[in-house]
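Worksheet for the structure shown next.
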Amino acid sequence: MAESESSEVTSRPWQSYHTVYTNAKAGMEGVDKEKVQRIVYEMSKGSKYFENEERKEAFIKQKIENMRARCAKLTAAEISHYQKVADKRILELEATRDLTRIWLHVDMDAFYAAVETLSNPSLKGKPMAVGGMSMISTANYEARKFGVRAAMPGFIARKLCPQLIFVPTDFKKYTYYSDLTRKVFQKYDANFMAASLDEGYLDITNVCKERGMTSGEVAEELRKGVYEETGLTCSAGVAPNRLLAKVCSDINKPNGQFILPNDRMAVMTFISSLPIRKIGGIGKVTEHLLRDVFGITTCEEMLQKSGILGALFSPSSADFFLCVGLGLGSTNTPQVRLRKSMSNERTFLATGDEAFLYHKLVDLAEMLSADMKKEALCGRTLTLKMKTASFEIRTRAVTLQKYICSSEDILKHASKLLKAELPISLRLIGLRMSQFNEDKDGTPSDPTQKTLSNFIVSGVATGRNMDDHISFDSDLSDDHFITELKTDLPIDNHEICYNDFRDPLDSNEVSDPNNSNCLLIYNNDEMEKNDGSLNSKSKAKVNTPEMIGHTLKSYEAEASQLVKIDLDTMNKRTNLSDDAVSSSNQNKQSLWVDDYKCLLCGIEMPSSFVEERQEHSDFHLAERLQKEESDSNPRSLTPKKRFIQKDHITSQSKRKKKHKSSPADVAEDGENWSMGQRQLVCLARVLLQRRKILVLDEATTLVDTTTDNVIQWRIREETSRCTVIRVAHRIPTIIDNDLVLVLDEGKVVEYDSPTELLKNNSSAFSKLVMEFKRRSSSGNNHWGLP
DNA sequence: GGGAGTCATCTCA
DNA sequence: TTCCATGAGATGACTCCC
Ligand SMILES: Cc1cn([C@H]2C[C@H](O)[C@@H](COP(=O)(O)OP(=O)(O)OP(=O)(O)O)O2)c(=O)[nH]c1=O
Ligand SMILES: [Mg+2]
């Protein structure tokens, strides 16, 4: 094999230049691949880029050699052992197969190019690419006939197709059309996953059932809907899981669809001859590796070589490969995905001019800071990325004690990083921020330590990390669950809790009521069952749209009944005591009988002891938490299953070595806390008090949108037996509520259930929803296992 | 030995 | 004339430290 390879190398050197373009792509079937490869090679040969690719290639060759050697060293006994382990694992994985869901993957055809053609119809029928001379983002199908495609440098594309028209990228346009497509997706799955600007995953199980349609009919209708809404064509794939659906959407591209039935035999047949490169997550290198080390080219062969794969790859990779061989993929709908990082980078003529490089850094720092502020993010890990004139990529990172977001702070640390590298000649500089505030997903180093994130993610009573797997009879349970715990603690006799979480200093979002839409949400889950006077009162008021503004005021006027936890005051004092509880005209607090004696333990404490009182009430809250936890023995209770976003296999295989960051300790007076964290504390305290009526007025404005989603989800869980009135600007805050009132310029412009409002595409609410969807789109997990 | 931090690689649109 | 992008996520190896 090595021989034939090297003889080919000498006669046709371009064949050894492995580019990403060798991968089959829709619309390139009739292309003379040999010719394209030769031209790409001719154009690249000798360049700095090419030399770097050669270095990388050599490195991979080395890796392949190493793996081969390791393979050869395995004894027969070892091989048989690994085979046994793999066979067992295959059975386990097979047991997780879920054929009950129907997933549809939509992918727009030549998205950027199609959008450009819409806005300039004269491009129709002509070979065209979006991008510039140095790189093109995509090409239309006419251009693909010449071998021109995404990720190809423009000057090579022009060589392949001299009449190729170049159109510069215009993200605004793509975003606009992306929104339109998502509006259509939404009709079929309100929780669809936007995988990128031009694609989405939809769980159409319910649509098929409710409307008595086949998945093929749904796909047809959806594609027609997208076309009518946008004038753009798309392709769809339907399959029992996302991994397969993604493969299917590519089969009859462009403007086509492919249905893989929810049938094990059909799946196995489909997968058997499928080239592994078609699977998302297997790219150029993995394909190369698996082919040259194990001779694997099709999915089926993954199973045949399962033993050896298990021996040479990490458990998580081996699992993934087995899943590919079995045609298994994720079927669950992840609840929330938090942004992990934010970055920007720029390429320029390679230079060692320090003033120039510093200037670039300034620009990047400012852009990054601005972007972060848009999402109210603060990060503590800053990574500087550099690409040398020879295309070598280097990164340098610092993790700080404090969370930062200002351009000054970013620049300060970025320039330190850069200085340490000087002198250096670069062609690219980039900055990335990660480890966001409120982004901790970790198990605390002290497992009994309560954390805000845990509280929000896992619930008041459980205090469990969502990744924790409570296993019952076997490890093979398909879902993760956490145990739903009941509490019979008495509910406080105060009925309403009004919380104003707004920060007057934060003028970003809410400062100008005249210019902003406002959503007042009314959740009446338990309304019919509650017949207390306060309830009826609130109902009457909220049901009168004209009075909305006034209604809120009235609540404040009635505040003798309310506990007000006022963040504003907290912020000014930097410490965490809810001094507003007693100082801001609220004369009652649930815990203090006669404003003097603790309801629970009888301890006496005058109202002027603000911080002491807060400490005391926190103590009782903690007590309550602990009691609920110890009362709950997961094995003795009937657990209520809850779907958790983390998939079973991944977390199971990684359970032991998962490295999670443990949350930072609270500094004196909470000085190291962000505004968002302060809001969370308020929220946590309020939820723990278990009111029947809750008014949340911009309760999470200081928290980033993604975290907000988790919080909202948790609030919903914790307030299922309680009436919640929310005032908010963010969509996830209110999307699941029973009633939405949209306020604009102080007037109620709409008033209905979210579903009803969404039916009308031009409703103000629909527009807000689309805007949110657009802003919150993010990447997907390519190793998505079931 | 495990957690946090750093860095390089791979993959995707 | 131009001469291989940008933004994001996952994973694994390695180091330092308690
Ligand atoms: C592949 C790729 C896509 N993109 C952008 C441009 C694409 O229009 C958009 C979607 O990517 P794709 O869906 O991969 O490509 P496409 O929609 O242009 O063509 P088709 O699906 O019909 O094969 O993402 C990049 O910016 N860089 C890339 O390397
Ligand atoms: Mg596409």
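Hydrogens, waters and symmetry mates are skipped; everything else that's a heavy atom, side chains included, is used. By convention in this document, chain letters (A, B, ...) are assigned in the order of the sequence lines, proteins followed by strands, and residues within each chain are numbered from 1.
- Of all nucleotides listed (B:dC10, B:dT6, B:dT11), B:dT11 comes nearest to the side chain of A:K284.
- At the heavy-atom level, A:S47 lies nowhere under 4.0 Å from the strands shown.
- In this structure, the salt bridge (Lys or Arg N to Asp or Glu O under 4.0 Å) partners of A:E42, at least two apart in sequence or on a different chain, are A:K45.
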With a 3.5 Å cut-off and sequence neighbours excluded, list the donor-acceptor pairs that the side chains of residues 413-420 of chain A form with protein atoms.
unit_1 : atom_1 : unit_2 : atom_2 : d
A:H413 : ND1    : A:D409 : O      : 3.0
A:S415 : OG     : A:L411 : O      : 2.4
A:S415 : OG     : A:K412 : O      : 3.3

I'd like a table of atom pairs between the protein and nucleotides 1-3 of chain C - only N or O on both sides, under 3.5 Å - with the distance next to each one.
unit_1 : atom_1 : unit_2 : atom_2 : d
C:dT2  : N3     : A:R158 : NH1    : 3.4
C:dT2  : O4     : A:R158 : NH1    : 2.3
C:dT2  : O4     : A:R158 : NH2    : 3.4

Produce the list of close N/O pairs, under 3.5 Å, pairing protein atoms with atoms of nucleotides 14-16 of chain C; give distances to one decimal.
none

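- Counting only Watson-Crick and G-U wobble pairs whose two distances sit under 3.5 Å, DNA chain C takes part in these stems of three or more pairs: B:1-13 with C:6-18.
- Within the 4.0 angstrom heavy-atom criterion, no nucleotide atom of any strand lies near A:K159.
- For A:H359, there are no side-chain hydrogen bond (donor to acceptor under 3.5 Å, both in side chains) partners at least two apart in sequence or on another chain.
- Aromatic rings from A:F185 and A:Y201 are positioned such that their centres are separated by 6.0 Å or more.
- Scanning for salt bridge (Lys or Arg N to Asp or Glu O under 4.0 Å) contacts around A:D371 gives A:K374, with sequence neighbours left out.
- Here the closest non-hydrogen pair linking A:C405 and A:S369 is O-OG, 2.7 Å.
- In this structure, the side chain to side chain contact (heavy atoms under 4.5 Å, CB included) partners of A:T19, at least two apart in sequence or on a different chain, are A:Y17, A:Y21, A:T22, A:V40.
- C:dA5 sits 15 Å from B:dT11 when the C1' atoms are compared, rounded to a whole Å.
- Remark: the A:S44 side chain and the C:dC4 base include a donor-acceptor N/O pair separated by less than 3.5 Å.
- Annotation: side-chain hydrogen bond (donor to acceptor under 3.5 Å, both in side chains) contacts of A:E57 (sequence neighbours excluded): A:H18.
- Taking the side-chain hydrogen bond (donor to acceptor under 3.5 Å, both in side chains) definition, one finds that A:T181 meets it with nothing, sequence neighbours left out.
- Sorted by first then second residue, the salt bridge (charged side-chain N to carboxylate O under 4.0 Å, His left out) pairs that include residues 147-171 of chain A, not counting sequence neighbours, are A:D170-A:K173.
- Remark: A:Q257 engages A:R223 in a side-chain hydrogen bond (donor to acceptor under 3.5 Å, both in side chains) (not counting sequence neighbours).
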